[in-house]
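Down below is the structure, laid out as structure tokens.
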There are 2 protein chains.
Amino acid sequence: MSTAKLRDFIAAMTRLADQGLAEGPLLEKAKPLLAGLIAQDDWLPEEFAKPNPERYSQYLLHCDPLERFSMVSFVWGPGQKTPIHNHMVWGLIGMLRGSEISTGFVMKDGRAVPDGEPITLHPGDVEAVSPTLGDIHLVENFYKDQTSISVHVYGGNIGAVKRNVFTPEGETKAFISGYSNQTVPNLWDRSKEAA
Amino acid sequence: MSTAKLRDFIAAMTRLADQGLAEGPLLEKAKPLLAGLIAQDDWLPEEFAKPNPERYSQYLLHCDPLERFSMVSFVWGPGQKTPIHNHMVWGLIGMLRGSEISTGFVMKDGRAVPDGEPITLHPGDVEAVSPTLGDIHLVENFYKDQTSISVHVYGGNIGAVKRNVFTPEGETKAFISGYSNQTVPNLWDRSKEAA
Ligand SMILES: [Fe+3]
Ligand SMILES: [Fe+3]
Ligand SMILES: [Mg+2]
């Protein structure tokens, strides 16, 4: 388990945030960074990869101290899915393990209606969402019998962003997603690294 | 247990690091921030305040992703003490709970010799060390029968800094201190905050 990969990604994302880019150029640079991180599934600590039989889990891996971005492992138990929801900030979804299906929605007459074909993400794939790119979707584990895990990076502290879920009955409800974990990985012990 | 205090301190330290100040002006601004944080002992999560009967503990609370600073809770069991050591970066020591005694040393003819009167830190006190201010000391818990805790901020990732311990026999040995914990506090779940 190499924590160095995750540490290097977070440092690179921090340097990117420091550049103060607009969403387009930022995502153009962040996408290959995330793709590089998820290219091999050998770095996520076990504790942040555990499914919960009751509900999907969203483990915070890192939050930028200035809350310009945050990063989670999104862990799907078999057959689990989200409600229809938006993000209100940009998001990158990188498939690390297993597979998930994302169905896009658009608002029509005050209710969320399906838009286009569902997308299936396979290990290594990276997808983007945002208020400008299309921000509403429903996501589910492709598998009815195994865990899937995607790694998400958001353009803010997703544990603080006020956003919405949309019910099948056409209601819009406010929510803040929070996190499933009380502690995040310590990536910074380099005392055992080769001198 | 308010994680907001620690979160706010880390954000303020990050903004300070972004200013790129020299050590003097930086410490001048960081000292009152740390003094403000330790003024009340009501925010350190239990998990990062536990003494280890075998040795003192150094729990990472936060590391700046660009490794410009790091922050630990230093937990002393009864009667525990450090070897004589240096830091190689600036350090601020804020006494949170209990009391500790710091004895300064200087190098003379290649060995560390005591310098000046030992300093006793009481809750609320903040002390500074650095290669320019005086970097070598031995620190011990003032109490033989209770836990003491100080909160340290260092001018780098102290889990990666190559520094030294000095033996009573006059030897200088290299060491990197590492951390006692595998996970750090998640300070970023703001889903329960008042809207
Ligand atoms: Fe989503
Ligand atoms: Fe020290
Ligand atoms: Mg910065």
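Keep in mind that what you see is a predicted model, and the values were worked out from it rather than measured. Residue numbering restarts at 1 for every chain, and letters A, B, ... go by the order of the sequence lines.
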message: Using a 6.0 Å cut-off, check whether atom CD of E117(B) has over 12 heavy atoms from anything other than its own residue.
response: no

message: Any heavy-atom pair between the side chains of L187(A) and V184(B) that's under 4.5 Å?
response: no

- prompt: Has the side chain of D189(A) got a donor or acceptor atom that lies under 3.5 Å from a matching backbone atom of Q182(B)?
  reply: no

query: Taking the side chain as C-beta and beyond, is there a heavy-atom pair between I10(A) and P65(B) under 4.5 Å?
result: yes

- prompt: How about Y56(A): does its OH atom have over 12 heavy atoms from other parts shown lying under 6.0 Å from it?
  reply: yes

- request: Kindly indicate whether the side chain of L66(A), heavy atoms from C-beta on, has any atom under 4.5 Å from the side chain of D18(B).
  value: yes

- prompt: Can you say whether F48(A) sits under 4.5 Å from chain B via the side chain, the backbone, both, or neither, judging by heavy atoms?
  reply: side chain

message: Between E67(B) and R190(A), does any NZ, NE, NH1 or NH2 come within less than 4.0 Å of an OD or OE carboxylate oxygen?
response: yes

- request: Indicate the atoms forming the closest heavy-atom contact of S191(B) with S177(A), along with that distance.
  value: CB-C, 4.4 Å

- request: Answer yes or no: are there more than 12 heavy-atom neighbours, outside E28(B) itself, under 6.0 Å from its atom CD?
  value: no

query: OH of Y143(A): more than 12 outside heavy atoms within 6.0 angstrom?
result: yes

query: So, for Y179(A) and N186(B), which heavy atoms are closest and what is the spacing to 0.1 Å?
result: CB-ND2, 3.7 Å

task: Kindly check if the number of other-residue, nucleotide or ligand heavy atoms within 6.0 Å of NZ (K108(B)) is above 12?
output: no

query: Are V89(A) and L133(A) connected in the hydrophobic side-chain network, where two residues link if heavy atoms are under 4.5 Å apart?
result: yes

message: Membership question, hydrophobic clusters at under 4.5 Å side-chain separation (ILVMFWY): are W90(A) and L37(A) in the same one?
response: yes

Side chain, backbone, both or neither of N181(A) within contact of chain B (heavy atoms, under 4.5 Å): both

- line: Smallest heavy-atom separation, L60(B) atom then W188(A) atom, equals CD2-CD1, 3.7 Å

